Amino acid sequence: MNAHERTFTHPARPTAVITGIGACLPPHVVDNDTVVARGDLRTDDAWIRDRTGIARRRHAGPGTSTGDLAVGAGRAALASAGDHHPEMLLLATSTPDHPCPATAPAVAHRLGLGTIPAFDIAAVCSGFLYALATATALVRSGTCSTILVIAADTYTSIVNPADRETAPIFGDGAGAVLLTAGTTDEPGAVTAVDLGADGSGSDLITVPYGGSRHPHRLPPPEPDARYFHMRGRTVYAHAVRRMTQSAGSVLRQADWGPETVRAFVGHQANQRILDSVGDRLGIAPAHRFGNIGELGNTAAASIPLVLADPAVHQAVAPGERSLLTAFGGGLTWASATLNWPAAVPRSEAPPAGPDTTPLCTPDLSRSHPWTASTTAS
Ligand code: UT7
């Protein structure tokens, strides 16, 4: 550790502090048997549970978009924080409402936030931590004092229901945090961040068709090229390696030993990946938290959905050391150290879209719409 790293956390320094936390999940719970039957997949519930840890997930109906989920999560985070007026909105997503324009301005408009700057961040499953790091830098620089960060994805809009390597894995959802200027000694403070990317692996996680490389005016290179593709086995190895390296790097930057971490939250890609990263870092299973069993891989939303889970807030006290790490398409990876927030999370149902009507009436009135678990339980 060098002198610069030490001054990063000692003494207290200005940083961004999480003062509001929100979640929004579509109401449709889809179990493994249903995913298998819908796609006529050559797999079964036992394989999916054993190889991924996933038992069920939420699917947005055709009437519910990423922007709808983002509005619900953003509204919940603002309510959690009290009456706040963010000066900027960042939306992490790789499943925007439209290829053009970005989804964030429409979300800001629907949240009644006026003409604040709003833009999307496309870092796939690392998107929330990329957005958190960007917002933290803007707060530290004095550019803004309050920023709403939302991460929302509806992978059901791009996954091929007949692809057994992706259809069972992904679920839909959104999480959000409100960041406010504060200091590194407060609960909710972001104390260090680490980001990285390696475009040499850009073909490992991709939607090949519909961008400028293979535009819609030309025929698709393959019949299923409009769908999301992932080379699972190769991605798995990269995910373990990069999340372990990045999390280790941010721990060194914060001058925190892994044994002092009380809440480890990794991107919910696969329970076996999370176990492997946790083991390599030396974090006890009792301090690892996740929701993959109930929600599957919700892409950018997976980490904030764990931050928004009331069950995790019962297990972790405000101010306790927390470690967040993610890996995704790009390839991208990111980590952050965080003092566990004091904010009480709120959940909202997806609102009706501006030009569509949801197919069902959501009921998220229960205080525990999903259940997080530690790997020890
Ligand atoms: O969120 C962004 C980051 N994403 C990730 O980090 C995901 C990383 N990858 C994974 O989680 C896993 O690779 C999968 C869950 C996608 C696949 O599980 P796996 O245990 O790693 O399987 P594998 O890729 O090593 O493939 C083993 C076999 C293959 O068959 P062959 O080639 O050995 O005949 C696959 O075709 O398992 C097959 N397979 C399946 N079999 C039954 C793949 N998916 C399934 C399935 N049911 N659903």
Side-chain angles (χ1 to χ4, degrees), residues 30-57 92-95 122-130 151-173 175 196-198 201-207 224 227-247 265-278 280 290-293 295-306 324-335:
V30 180
D31 64 18
N32 289 339
D33 289 335
T34 305
V35 170
V36 171
R38 247 182 222 170
D40 196 17
L41 305 179
R42 291 170 295 111
T43 186
D44 55 34
D45 174 61
W47 193 99
I48 297 166
R49 283 179 193 255
D50 185 50
R51 305 300 289 172
T52 70
I54 298 167
R56 55 194 70 81
R57 74 286 292 147
T93 188
S94 48
T95 51
V124 196
C125 298
S126 308
F128 172 72
L129 292 183
Y130 261 68
D153 270 311
T154 48
Y155 263 61
T156 50
S157 65
I158 58 172
V159 159
N160 181 353
D163 178 4
R164 71 174 181 172
E165 300 203 20
T166 56
I169 293 176
F170 288 93
D172 302 331
D198 177 7
S202 60
D203 59 333
L204 298 177
I205 295 176
T206 180
V207 178
D224 65 348
Y227 288 117
F228 175 83
H229 291 254
M230 179 172 70
R231 300 220 325 250
R233 191 177 301 182
T234 310
V235 169
Y236 188 112
H238 282 289
V240 171
R241 177 167 149 245
R242 293 302 189 181
M243 284 201 282
T244 304
Q245 285 175 345
S246 177
V265 182
H267 166 53
Q268 304 290 294
N270 184 316
Q271 188 59 52
R272 291 184 297 128
I273 293 175
L274 292 163
D275 293 343
S276 189
V277 174
R280 285 165 193 236
N291 54 28
I292 189 165
L295 300 183
N297 180 345
T298 50
S302 83
I303 288 178
L305 280 168
V306 179
L324 317 178
T325 188
F327 177 85
L331 302 169
T332 57
W333 55 88
S335 299

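Remember, it's 1-based here, ligands and their atoms both numbered in the order they're listed. From a predicted model like this one, the values you see are computed outputs, not experimental measurements. All heavy atoms count here, side chains included; hydrogens, waters and symmetry mates do not.
In terms of protein heavy-atom proximity, atom 11 (O) of ligand 1 is nearest to Asn270 ND2, 2.7 Å. For atom 16 (C) of ligand 1, the closest non-hydrogen atom on the protein side is Ile169 CD1, 3.6 Å. For atom 47 (N) of ligand 1, the nearest protein heavy atom (residue, atom name, distance) is Thr43 OG1, 2.6 Å.
Remark: ligand 1 atoms within the under-4.0 Å shell around heavy atoms of Met230 are 4 (N), 7 (C). Distances below 4.0 Å separate heavy atoms of Cys125 from the following atoms of ligand 1: 1 (O), 2 (C). Heavy-atom contacts of Thr52 reach the following atoms of ligand 1: 15 (C) (cutoff under 4.0 Å). With ligand atoms numbered from 1 in the order given, ligand 1 contributes 1 (O) to contacts under 4.0 Å with heavy atoms of Asn297. Short contacts between ligand 1 and Val235, defined as distances under 4.0 Å to a heavy atom of the residue, involve ligand atoms 3 (C), 4 (N), 5 (C), 6 (O), 8 (C). For ligand 1, the atoms closer than 4.0 angstrom to any heavy atom of Arg272 are 18 (O), 19 (P), 20 (O), 21 (O). Close contacts of ligand 1 with Ile273, meaning ligand atoms under 4.0 Å from a residue heavy atom, involve 6 (O), 8 (C). Set against the non-hydrogen atoms of Gly232, the atoms of ligand 1 under 4.0 Å away are 8 (C), 9 (N), 13 (O).
When side chains are defined from C-beta on, Phe327 does not count as touching Val240, because their heavy atoms never get closer than 4.5 Å. Taking the side chain as every heavy atom from C-beta outward, Thr332 and Tyr130 approach each other to under 4.5 Å.
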Do Ser302 and Leu295 pass the side chain to side chain contact (heavy atoms under 4.5 Å, CB included) test, and can you show the C-alpha distance, the side-chain angles, and the key distance before you say yes or no? CA-CA 8 Å; Ser302 83; Leu295 300 183; over 6 Å; no
With side chain to side chain contact (heavy atoms under 4.5 Å, CB included) as the test, would you mind laying out the steps for Leu129 and His267 before giving the verdict? CA-CA 10 Å; Leu129 292 183; His267 166 53; over 6 Å; no
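When Arg42, Arg164, His267 are ranked by how near their heavy atoms come to atom 41 (N) of ligand 1, first place goes to Arg164. When Trp333, Trp47, Tyr155 are checked for heavy-atom proximity to atom 37 (O) of ligand 1, Trp47 turns out nearest.
Panel note: side chain Thr154, backbone Thr156; no donor-acceptor pair is recorded below 3.5 Å. A donor-acceptor contact shorter than 3.5 Å links the side chain of Asp172 to the backbone of Tyr155. One N or O on the side chain of Asn32 and one on the backbone of Ile54 form a donor-acceptor pair closer than 3.5 Å. Of the possible polar contacts, one joining the Ser335 side chain to the Ala247 backbone as a donor-acceptor pair under 3.5 Å is found.
The nearest protein heavy atom to atom 44 (N) of ligand 1 is closer than 4.0 Å.
A pairwise comparison of heavy atoms in Glu165 and Met230 identifies O-CE, 4.3 Å as the closest pair.
Residue-level proximity to ligand 1 for Leu41 is absent, since no heavy atom of it falls below 4.0 angstrom. When non-hydrogen atoms are compared, ligand 1 lies under 4.0 Å from the backbone of Arg233 as well as from its side chain.
Using cut-offs of 30° and 60° for the angle between ring planes, the Phe228 and Phe170 rings count as perpendicular.
The closest approach between a heavy atom of His238 and any atom of ligand 1 is not below 4.0 Å.
With hydrogens and angles left out, the side-chain atoms of Thr52 and Asn270 include no donor and acceptor closer than 3.5 Å.
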